[in-house]
K.L.:
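Below is a structure I'd like to ask you about.
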Amino acid sequence: METESEPYVRLASLRQLHQVMADMNTARSLADTLQSVADGAVSALGYEMAAVNLVRQDGDLVVAAFSGNSAAESLITGRVGSRDSWDRRLNMGEQWGDLVFIPHTEGWVLDDDDVPQWYTDGPAPRFEDEWHPSDRLFAPMYTPGVQGGSSGELLGVISVDRPRNGRRPGAWGREALQMYAFQAAIAISNARLRANMQRALVRLERDQQALRASEESFRQAFEYAPSGMAIAEMGGDQHGRILRTNDALCRLLGRPASAMRRYSFSDLVHPEDIGTLLRTSAEGGRAELRLGRRDGSYVWVSLRNSVVADAADGPRFLLTHVEDIEERKRRELQLAHRASHDSLTGLPNSAELRSRLSSRLCRRQTQPGVLESLDAAYGHPAFDAPTGHGFDFAQGGEVFDGFDHHVHTIAPEDGRDDGTKGLAVLFCDLDGFKSINDRFGHNAGDAVLIEVAHRLSRGVRDGDTVARLGGDEFVILADGLGKADAQDLAVRLRNEIIQPIRAEGRAVRVGASFGIGWAHCGMTADEVLKSADERMYVEKRSRPKQHRRAG
């Protein structure tokens, strides 16, 4: 009787299976498709329970749909099993075509792995094909369109349990489940494709809306930005030509927008800053330089570049942000000036004096092998043992030291004026200054120091340095002087200083003692200053006290 009725059972099952497949392919979402797959395995294939385990992006499988048992559904839906555990299952047991059957005699080793499962224990089967509660049957789903099925990418696994007839599926039941898994894979792939397309359409619409909003935001941000903005061409014959500017940049440079389009930034930059502009990367760099205003003045700006593409494959433009940093630059210059200049007189201070003096001096050295030739030429050792400095000689105003091409600073010889020009260091100490402080107060003393600084600065050449060393001591660095020139300069400066000075409503006078030292390579700045200081004290002691200060 069972054999005679079998064809009718199969025909009814095929009709039901056809309806289930239709339901799968017309589902509105991936979630509905997965649930249709699980429901179809129960309603059309005759299993009491079915689960759809879907492969996630990370490779693990999640129970995405369940059908047949509400208790089991609430227990395992949404739980995740690792890909390693699933690969182990799909590579053991019996291979029924693309299906995997793991009998209860082998499946007990899987009871404690991390794959979500629902099973119950039961008695041993009474006959050969009876289904045991711990038997497991899996139908892998692979990407469609791949020959051989199982060689494609794994999409998921349909796991079924407890056939209603209590028996393991025969050849027809196995083939039906295998075909069902194949059709389910197609339905899942189509559902994913539809979902991806819908997401892509939504994303495209959002992108278009965002692009329109971004363009409008850019336009407003460009036009109404508080700092200067410009768009310039990139590449071609017109590279760097300004195409568009905002109001802030036009106001900053005092130029109308129509006039700005005739220039590039290289036309507007200060001549001394053109190198800075050229070194700035056109595709994303920053520079601080000066740009010319319409009135001929210059303003310090921070110029920052970035590249903007008009479209995916369209032309590129250079977006330049111009920030006014004139005030910051002014503060930086003021701070640098304060650090290197005396706050009372405005002259370079002691640190700046030593820096300028040290920049002219070097420690001389001699290359190996040169000493012997110098010994032979001059008849005495070329190496000065006490100081460790190489011997050098002057020829036509230039000095050779056997080591490099540095033109050394040299000094006239003591005792005679041989016409040698050198770096004169005049150490000036005021005579009678302390008595002015004591009699008239420090305000009067400060006024005297300020006026002395002015007179010293007026009495030297452009390029010479007048510095305040501290207290009532001043130092003058004058390059290119002979001994007579330096002495004449000291006399002229002393005559300027001894003239009456107006301080606190009264006329006062101070004198000045000068010591002339000479800087030459091989000395340190402190050694040069000490030498000039010592000569100043020699000069001060050599003059009668009553002659040190005039009136």
Side-chain angles (χ1 to χ4, degrees), residues 20-40 52-65 77-78 80 83 140-147 149 151-158 181-225 227 229-236 238-239 242-246 281-285 304-321:
V20 168
M21 291 179 179
D23 294 341
M24 284 193 303
N25 286 290
T26 57
R28 300 182 61 181
S29 66
L30 178 59
D32 291 342
T33 300
L34 297 175
Q35 191 59 51
S36 297
V37 172
D39 293 341
V52 179
N53 302 271
L54 191 67
V55 177
R56 304 190 309 180
Q57 289 186 349
D58 61 4
D60 292 340
L61 282 74
V62 59
V63 180
T77 299
V80 178
R83 183 61 178 265
M141 297 177 291
Y142 298 96
T143 51
V146 180
Q147 294 292 332
S151 62
E153 179 186 355
L154 183 68
L155 294 177
V157 179
I158 302 174
F182 179 74
Q183 294 298 325
I186 295 176
I188 292 172
S189 296
N190 290 340
R192 280 184 165 175
L193 180 60
R194 288 194 301 271
N196 290 337
M197 290 179 63
Q198 290 172 352
R199 284 194 294 269
L201 289 173
V202 171
R203 192 161 51 245
L204 178 61
E205 178 60 26
R206 288 177 179 171
D207 289 345
Q208 290 177 341
Q209 293 177 357
L211 179 60
R212 290 191 292 269
S214 177
E215 290 175 346
E216 178 60 19
S217 297
F218 174 79
R219 186 191 68 80
Q220 294 192 14
F222 182 89
E223 294 293 343
Y224 302 113
S227 54
M229 302 284 285
I231 297 176
E233 286 192 13
M234 281 195 66
Q238 299 294 318
H239 177 77
I242 296 173
L243 300 174
R244 184 178 175 185
T245 57
N246 69 348
S281 170
E283 297 196 6
R304 187 167 62 251
N305 295 329
S306 57
V307 177
V308 178
D310 189 43
D313 298 321
R316 298 195 304 169
F317 299 93
L318 194 65
L319 177 64
T320 303
H321 179 264

K.L.:
Could you report the tightest heavy-atom contact between Leu34 and Ala64, atom names first, then the distance?
P.N.:
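For Leu34 and Ala64, the tightest heavy-atom pair comes out as CD1-CB, 3.6 Å.
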K.L.:
Just how far is it from atom CD1 of Ile231 to atom CG of Asn246, taken to the nearest 0.5 Å?
P.N.:
9.5 Å
K.L.:
Listing request: all salt bridge (charged side-chain N to carboxylate O under 4.0 Å, His left out) pairs with a residue in residues 200-212, at least two apart in sequence or in separate chains.
P.N.:
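Sorted result for residues 200-212: Glu205-Arg212.
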K.L.:
Is there side-chain contact between Leu154 and Arg83, with heavy atoms separated by less than 4.5 Å?
P.N.:
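Counting from C-beta outward, Leu154 and Arg83 do come under 4.5 Å.
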K.L.:
Can you tell me how far apart CD1 (Ile242) and CG (Leu318) are? Round to the nearest 0.5 Å.
P.N.:
10.0 Å
K.L.:
Any chance you could measure Ile186, atom CD1, to Thr143, atom OG1, to the nearest 0.5 Å?
P.N.:
10.5 Å
K.L.:
From Glu223 CD over to Thr245 OG1, what is the distance, rounded to the nearest 0.5 angstrom?
P.N.:
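If we round to the nearest 0.5 Å, Glu223:CD and Thr245:OG1 are 8.5 Å apart.
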K.L.:
Minimum heavy-atom separation for Ala181 and Pro140, please, with both atom names.
P.N.:
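Nearest heavy atoms, Ala181 then Pro140: CB-O, 3.9 Å.
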K.L.:
Would you name the heavy atoms of Met141 and Val157 that are closest together and state the gap between them?
P.N.:
CE-N, 3.8 Å
K.L.:
Got Arg192 and Thr33 here, is their nearest side-chain heavy-atom distance under 4.5 Å?
P.N.:
no
K.L.:
Quick one: closest heavy-atom pair of Ala230 and Phe222, and the distance?
P.N.:
N-CE1, 3.9 Å
K.L.:
To the nearest 0.5 Å, tell me how far Arg244 CZ sits from Leu319 CG.
P.N.:
10.5 Å
K.L.:
Would Val55 and Leu155 satisfy side chain to side chain contact (heavy atoms under 4.5 Å, CB included), going step by step from the backbone distance to the final call?
P.N.:
CA-CA 6 Å; Val55 177; Leu155 294 177; 5.7 Å; no
K.L.:
Say you draw a straight line from CD of Gln35 to CG of Leu30; how long is it, rounded to the nearest 0.5 Å?
P.N.:
11.5 Å
K.L.:
For Arg199, which residues count as a side-chain hydrogen bond (donor to acceptor under 3.5 Å, both in side chains) partner, sequence neighbours excluded?
P.N.:
Asn196
